[in-house]
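Heads up: the structure comes next, in structure tokens.
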Amino acid sequence: MGELWHGLSAQQCLARLGSDADCGLEAGEAQARLARDGANRISGRPPESGFSRFLRQLREPLIYILIGSGALALFLREWVDAAVIFGVVLVNALVGAIQEARASSAIAALARRVPRNCRVLRDRELRICDAAELVVGDVLALEAGDQVPADLRLLAVRELLIDEAMLTGESLPAEKAVESLDEGCALADRRNLAFAGTLVLRGTAKALVVATANSTELGHIAALMDATASLETPLTRRLARFSKQMLVLILALAALTLIVGLARGLPLAQMLMATVALAVGAIPEGLPAALTITLAIGVGRMARRSAVIRRLPAVEALGSVTVICTDKTGTLTENRMAVTHLVAGGREYRPGDAASEGSALRELLLAGVLCNDATPRCEDGVWSFEGDPTEVALLPAALASGLDVAALRAAHPRFDALPFDASRQWMATLNRDAAGATLWIKGAPERVLAHCAARLAADGQSAPLDMAAELGRATVLAAQGFRVLAFAYRAGEALPDGEAGPWTLLGFQALEDPPRAQVPAALARCREAGVRVVMITGDHAATACGIAERIALSRHAPLRALTGAELAVLDGKALGEAVRSVDVFARVLPEQKLRLVEALQAQGEVVAMTGDGVNDAPALKQADIGIAMGRGGTDVAKQASAMVLADDNFATIVAAIEEGRAVYDNLQKFMVWTLPTNFAEGLIIFIAVLVGVSLPITPLQILWINMSTVLLLGLALAFEPGAGALMQRPPRAPREALLPPVLMARICLAGALLVAAAFSLFHYELATGSSLAVARTAAANLFVFGEMSFLLNCRSLTGSWWRAGWWSNRWLWPGMFAMTALQIAFTYLPAMQAAFGTQALTPSSWLSVAVGALAISLVVGAEKAIRRFAALRADSGRVMDRW
Ligand code: ATP
């Protein structure tokens, strides 16, 4: 039946669904239909099954080596070894699958946190409602920026243009109409329908819901789409490449060991087991899981600070941001507007001044009531308003001066409207009353004034217009940081395409929008963190500068603003100059934002860019991180963004940058911590074979060390809170190596220390008469406790560990405690002794283990201290560079 809607007339559709274009459904009826049909939510393809996720974990190059090693152990009839190796493969894949499932469902849940509202006509009233509550028969209003919430039959349209690429693959947006069509026409040609999931690029419409949830066209194909959020990021790709390189290295080392051993005449079976030990030791099994967990924790932390990540790569890109391009209204300011000054008939008024019938002030306020899409509501004498804050502000101003907003709207019913559009910078309506039809316009002063031919004097009589004087009045107000709107009217029966006049100027209303309280502090943090902030606003240059000064945005005094008109005439080179030196761009058209982003990127900057409107989408996509407003933003902007600000607040962007830096740091910390062990385990086997002594640790012991320490110790690093110093250093270069030379050197140093300590202890034990089993137990314990003390070093990549706070990581001490308990069991529990070939240690052996372990963290601590000292000497007084 859904197939037929385009073949019916609008009236027929309404009749079939028992609805009415002017009243909408009754609330009770909508409730009943919701109960009958269910929520308007597309269930999509069921998420990937746990088992297939599990299997996918096994398809990792490093895991192949483990599986190969297990098979080799089986072949050699080393049953316990084989069982433990396969056990490790299973546990590893299990942990990976569980973590991945948690991470992707958390990200999917976050995406759902971005609300989807729509405007529905119920009981004759237009209300904002959750798109999930839509039912068949609802009548709703669409405007530019909306995502179509269900399949709709259009009832009335104005300049409606819809992007249907996600459904039809057609890249050109579709013009829509209301006439009924031939029943046989194809989906893409059904111009009188709008489909769920598509995006309104321009215009407005009134439409009837004909299908919801899985009955929509999108619902039909959702089953084919991948519902899971992708967990791939540039970092995971780099890590995958790194794994492949490790694979080659490990295989080469294993082959070399085998050849050397055989050349020395060692038995093949023993050599093969040594090769297995080397391979399993050198593989950092925990790395992929640690990466996913670190990213997921970062996403969660950002969400708690109101930054909702829509695309995972944004988490790491945030750490390299060098420029934030932010809009003003609602992001730097509260977006709680109030009219503070009115200018009518050449005189200045305050809200609350009496507006006598026929005066210019009254006409100005009336224009604010009629040429306005906000909805007033009065319950028990208390007014509330719904709509764009700029428009909402005009209603209390009219009420304060004694205008009866509801009665005036009823007496001047609206017949047509051209909605506000950021590119146009004005809106107009056509209203009728007993005397005839009037057109009202409000918008940016210079746009409206350009088409005015006369003005209204204070007494309401028409008077000649002094253009320069009026513009001057508007600029004086704007320079105080106010947003200024001009109002005009004229008689007329139809809305013009452009501003086409001549209009009669009624006056101005100046709106105050206070800066957000947290913004100055957030800007100071950006300055410290080497992140530049650029304001790009649609508002007047004087207003923009007024606000910029109040929040101390710019490094430059005097503040210089460049307008969109000035931008338009700059060539590429001049534009490059401009984006380097100017911090405020005003009266910028959304289309120009793309050029600004590109110009900044051409200068090598990594750009985070905020946006809220439809026309911001290209710039949001082009930016390294597109950021949409959760409350004030359109669906189109949200779709185009990598991150959504739940609270629209600039300070949240800075918080997200801090978390982004913390994520990257924590991942580096994990790698610096885990790789020395792998390096040392591989090396110790290689050396043992090379010099022809027995292996200081067995393959089984190596696996034990790797698995238990990663789970109990290493993963605690993912929970390290971002250190305060994170925002006192410059952004990370996007091309910086995963492990810069300093960290590589530290990995080698720690690895060499582990090898030296374990080897010395092993041979010392043998020399003092201990059995091979005891010597190996001591060496294995040295590895574990060495990693434990090195873990403390790794809590900070540059500073001393206690500066990160003794208790700031809640997993640290429990993990260390549990690890110690496990090592005691490993050493003394008969079952564990049987499985791992361990034996009880004497107190003096324990003492040697403790001394060796401590030495490692002391040496690395000294290395960090020396670097800090050198860095301080090299650039004293400046912000300390990271490396
Ligand atoms: P940003 O959010 O990027 O800082 P903005 O939201 O302040 O910019 P726009 O919304 O693009 O800027 O508005 C640009 C200009 O259009 C305003 O300075 C104002 O003069 C005018 N304007 C804004 N809202 C309306 C409206 N609802 N009706 C008519 N004119 C408006």
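Counting starts at 1 for both ligands and their atoms, in listed order.
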What is the nearest protein non-hydrogen atom to atom 27 (N) of ligand 1, stated with its residue, atom name and distance?
Glu391 OE2, 2.9 Å
Has the side chain of Ser401 got a donor or acceptor atom that lies under 3.5 Å from a matching backbone atom of Asp353?
yes
Of all the non-hydrogen atoms in the protein, which one sits nearest to atom 8 (O) of ligand 1, and at what distance?
Gly538 N, 3.1 Å
Going by distance only, is there an N or O of Trp426 that falls short of 3.5 Å from an N or O of ligand 1?
no
Answer yes when Lys442 and Glu391 have at least one side-chain N-carboxylate O distance shorter than 4.0 Å, and no when they do not.
yes
Mark up the atoms of ligand 1 that fall under 4.0 Å of a heavy atom belonging to Val484, in ascending order.
20 (O)
Quick note on ligand 1: atoms under 4.0 Å from a heavy atom of Gly443 include exactly 29 (C), 30 (N)
Is there a polar contact, in the sense of an N or O pair closer than 3.5 Å, between Ala422 and ligand 1?
no
Heavy-atom distance to atom 7 (O) of ligand 1: which of Arg483, Lys328, Lys593 wins?
Arg483
Backbone, side chain, both or neither: what part of Leu485 comes under 4.0 angstrom of ligand 1, heavy atoms only?
side chain
What residue and atom, counting heavy atoms only, is the protein's closest point to atom 20 (O) of ligand 1, and at what distance?
Ala444 CA, 3.3 Å
With a 4.0 Å cut-off on N to O distance, would you call Arg560 and Asp583 a salt bridge?
no
For Thr331, is the nearest heavy atom under 4.0 Å from an atom of ligand 1?
no
Does a sphere of radius 6.0 Å around CZ in Arg527 hold more than 12 heavy atoms from other residues, nucleotides or ligands, not counting ones at 6.0 Å or beyond?
yes
Shortest non-hydrogen contact from Val579 toward Ala599:
CG1-CB, 4.0 Å
At a 4.0 Å cut-off, with the gap strictly under it, does some heavy atom of Ile536 reach an atom of ligand 1?
yes
re atom 18 (O) of ligand 1, the protein heavy-atom contact at minimum distance is Asp539 OD1, 2.6 Å
Does a donor on one side chain and an acceptor on the other come within less than 3.5 Å for Thr390 and Arg483?
yes
The closest protein heavy-atom partner of atom 1 (P) of ligand 1 is Asp327 CB, 3.4 Å
What I want to know is whether His540 and ligand 1 share at least one N or O pair that is separated by under 3.5 angstrom.
no
Top protein contact for atom 21 (C) of ligand 1, by heavy-atom distance
Phe420 CE1, 3.8 Å
Logged contact type for Lys442 with ligand 1, heavy-atom cut-off 4.0 Å, is both
For Leu456 versus Thr504, what's the shortest heavy-atom pair and its separation?
N-CG2, 4.0 Å
Is Glu470 paired with Arg473 through a side-chain N to carboxylate O contact shorter than 4.0 Å?
yes
Is Arg587 close enough to touch ligand 1? Criterion: a residue heavy atom under 4.0 Å from a ligand atom.
yes
State the atoms of ligand 1, each with its element, that fall below the 4.0 Å cut-off from a heavy-atom position in Thr537.
1 (P), 3 (O), 4 (O), 7 (O), 8 (O)
Using a 4.0 Å cutoff against the non-hydrogen atoms of Asp388, which atoms of ligand 1 qualify?
27 (N)
Pairing of Asp513 and Arg336 as salt bridge, 4.0 angstrom limit
no
Is the number of heavy atoms from other residues, nucleotides or ligands within 6.0 Å of CZ (Arg347) greater than 12?
no
Any side-chain donor near an acceptor of the partner, Thr610 and Asp327, under 3.5 Å:
yes
Determine, step by step, whether Asp647 and Arg305 satisfy the salt bridge (Lys or Arg N to Asp or Glu O under 4.0 Å) criterion, reporting the C-alpha distance in whole Å, the side-chain angles of both residues, the deciding distance to 0.1 Å, and the verdict.
CA-CA 9 Å; Asp647 59 359; Arg305 297 175 82 168; over 6 Å; no
